[in-house]
Amino acid sequence: MKERVEVLISAADVDKRVAQMAEEIGRDYAGKEIFMICILKGSVIFMSELAKKLNHEVTFNFMKVSSYGNSTESCGRIKIDMDLDEHIKGKDVLIIEDIVDTGRTLKHLKDLLSLREPASLKLCTLLDKPDRRVADVEADYTGFVIPDDFVVGYGLDYAQRYRNLDYIGVLRFDEE
C-alpha cells in the first residue's frame with residue numbers, strides 16, 4: 001500500500017488557532033504560573049508553539065503515555081512509559097495533549113494526576129475526535145474538532161513518521 005497525506009487543517013489555520021488558545025489560557029490563568037505537562041511524543045510541537053505564544057510564566061514537564069504502538073487504532077491498554085520528575089501538589093497544571101480520541105488515555109491520566117493534589121488540573125488539546133469517545137473526558141481548551149480520520153502532522157505520527165509536517169493531514173492508504 002502507498003501512503004499519502006491530504007491537508008485537513010493548513011499550517012496558517014493551526015498557527016492562528018494556537019495563538020487564540022494562548023490568549024484564552026492567558027486570561028484564565030492570570031496571576032498564576034502554569035505548570036504544563038506535555039504528553040510525549042505527539043504534543044511536543046503543539047506545546048512548544050503554545051508556550052511561545054503565552055505571555056505568561058510557565059514551567060514544563062513531560063510524561064510519556066501510550067496506547068497506540070505502531071497502529072492506527074488504540075489498543076485500549078494505557079501504559080505510563082515515563083512519569084513526571086517533580087511533584088505537582090499545589091500547582092496549576094495544564095495537560096497538553098495532541099489529540100483526544102477515545103478518551104481512555106486522558107481519563108486515566110487525569111484520574112492519576114488528580115491523586116497528586118494539584119491546585120487545579122485542566123486539559124488542553126490541539127485536536128478532538130468526539131465521534132470516537134468511549135471514556136468520559138472533556139478538554140478545557142480545544143483547538144479543532146475533527147472527523148474520525150487518522151491524522152498526522154504537527155507532532156502526530158504514523159509509525160513515528162509525519163510528525164514534522166507543519167499542518168494537520170489525513171493519512172490515506174492507496175493500492176499500488
Side-chain angles (χ1 to χ4, degrees), residues 1 3 5 8 14 18 21 25 34-51 58-165 168-173:
M1 289 233 188
E3 299 169 12
V5 179
L8 178 65
V14 172
V18 171
M21 293 173 77
I25 291 166
I34 305 171
F35 186 86
M36 299 173 92
I37 298 176
C38 178
I39 307 305
L40 295 173
K41 299 177 188 173
S43 302
V44 169
I45 292 174
F46 174 45
M47 186 187 78
S48 298
E49 293 302 312
L50 181 65
V58 299
T59 56
F60 300 159
N61 211 304
F62 302 87
M63 291 184 80
K64 187 173 181 192
V65 183
S66 59
S67 67
Y68 274 87
N70 286 333
S71 174
T72 61
E73 291 290 325
S74 173
C75 65
R77 291 183 311 272
I78 311 307
K79 181 179 165 198
I80 305 290
D81 298 314
M82 184 179 91
D83 206 341
L84 299 173
D85 60 7
E86 62 186 286
H87 298 289
I88 62 170
K89 184 174 183 174
K91 296 182 180 182
D92 291 298
V93 174
L94 183 61
I95 300 169
I96 307 297
E97 181 62 292
D98 53 1
I99 188 166
V100 180
D101 194 318
T102 64
R104 286 185 194 113
T105 301
L106 286 169
K107 172 82 169 97
H108 177 82
L109 190 58
K110 282 186 84 172
D111 291 348
L112 173 72
L113 293 175
S114 291
L115 296 173
R116 298 180 186 183
E117 303 177 23
S120 66
L121 181 62
K122 292 187 177 184
L123 171 61
C124 176
T125 186
L126 178 62
L127 304 172
D128 186 13
K129 273 193 210 177
D131 291 346
R132 300 230 340 130
R133 195 82 75 248
V134 295
D136 186 23
V137 66
E138 190 173 321
D140 299 283
Y141 307 97
T142 299
F144 300 93
V145 175
I146 62 169
D148 184 17
D149 288 314
F150 192 84
V151 291
V152 295
Y154 211 81
L156 292 104
D157 75 298
Y158 172 66
Q160 301 301 325
R161 298 188 329 271
Y162 304 111
R163 290 187 194 278
N164 63 312
L165 299 176
I168 305 297
V170 176
L171 184 62
R172 303 282 188 210
F173 296 93

Yes or no on salt bridge (Lys or Arg N to Asp or Glu O under 4.0 Å) for K110 and E97, after CA distance, side-chain angles and deciding distance?
CA-CA 12 Å; K110 282 186 84 172; E97 181 62 292; over 6 Å; no

Show your reasoning for whether salt bridge (Lys or Arg N to Asp or Glu O under 4.0 Å) applies to D98 and K41.
CA-CA 9 Å; D98 53 1; K41 299 177 188 173; over 6 Å; no

Distance, nearest 0.5 Å, that separates [atom1] of [X] from [atom2] of [Y]:
| X | Y | atom1 | atom2 | result |
| --- | --- | --- | --- | --- |
| L113 | H108 | CG | NE2 | 9.0 Å |
| L127 | D101 | CG | CG | 10.0 Å |
| L156 | I45 | CG | CD1 | 9.0 Å |
| R163 | Y158 | CZ | OH | 13.5 Å |
| T125 | L106 | OG1 | CG | 7.0 Å |
| L171 | D149 | CG | CG | 10.0 Å |

If I compare all heavy atoms of [X] with all of [Y], which pair ends up nearest, and what's the gap?
| X | Y | answer |
| --- | --- | --- |
| V93 | I37 | CG1-CD1, 3.5 Å |
| L50 | C124 | CD2-SG, 3.9 Å |
| M47 | M36 | CG-CE, 3.8 Å |
| L109 | I95 | CD2-CG2, 4.2 Å |
| D128 | P130 | O-CD, 3.3 Å |

[X] (side chain) donor-acceptor with [Y] (main chain) under 3.5 angstrom:
| X | Y | result |
| --- | --- | --- |
| S43 | I96 | yes |
| T142 | F144 | no |
| K129 | V145 | no |
| D140 | L123 | yes |
| R133 | V137 | yes |

Does atom [atom1] of [X] have more than 12 heavy-atom neighbours from other groups under 6.0 Å away?
| X | atom1 | value |
| --- | --- | --- |
| K122 | NZ | yes |
| E3 | CD | yes |
| D81 | CG | yes |

Decide side-chain contact (heavy atoms from CB on, under 4.5 Å) for M21 and E49; before the verdict, give the C-alpha distance in whole Å, the side-chain angles of both, and the deciding distance to 0.1 Å.
CA-CA 11 Å; M21 293 173 77; E49 293 302 312; over 6 Å; no

Using ring centroids (six-membered ring only for Trp), state whether F150 and F173 fall under 6.0 Å.
no

I want to check something: taking the side chain as every heavy atom from C-beta on, are [X] and [Y] in contact at a cut-off of under 4.5 Å?
| X | Y | result |
| --- | --- | --- |
| I168 | V152 | no |
| I146 | I99 | yes |
| D85 | N61 | yes |
| M82 | M63 | no |
| I88 | F35 | yes |
| L126 | V18 | yes |

side-chain contact (heavy atoms from CB on, under 4.5 Å) for R172 and V170? Distances and angles first, verdict last.
CA-CA 6 Å; R172 303 282 188 210; V170 176; 3.3 Å; yes

Tell me whether D83 is salt-bridged to R116, with the criterion being a basic N under 4.0 Å from an acidic carboxylate O.
yes

Would you call the rings of Y154 and F46 parallel, tilted or perpendicular, taking 30° and 60° as the class edges?
tilted

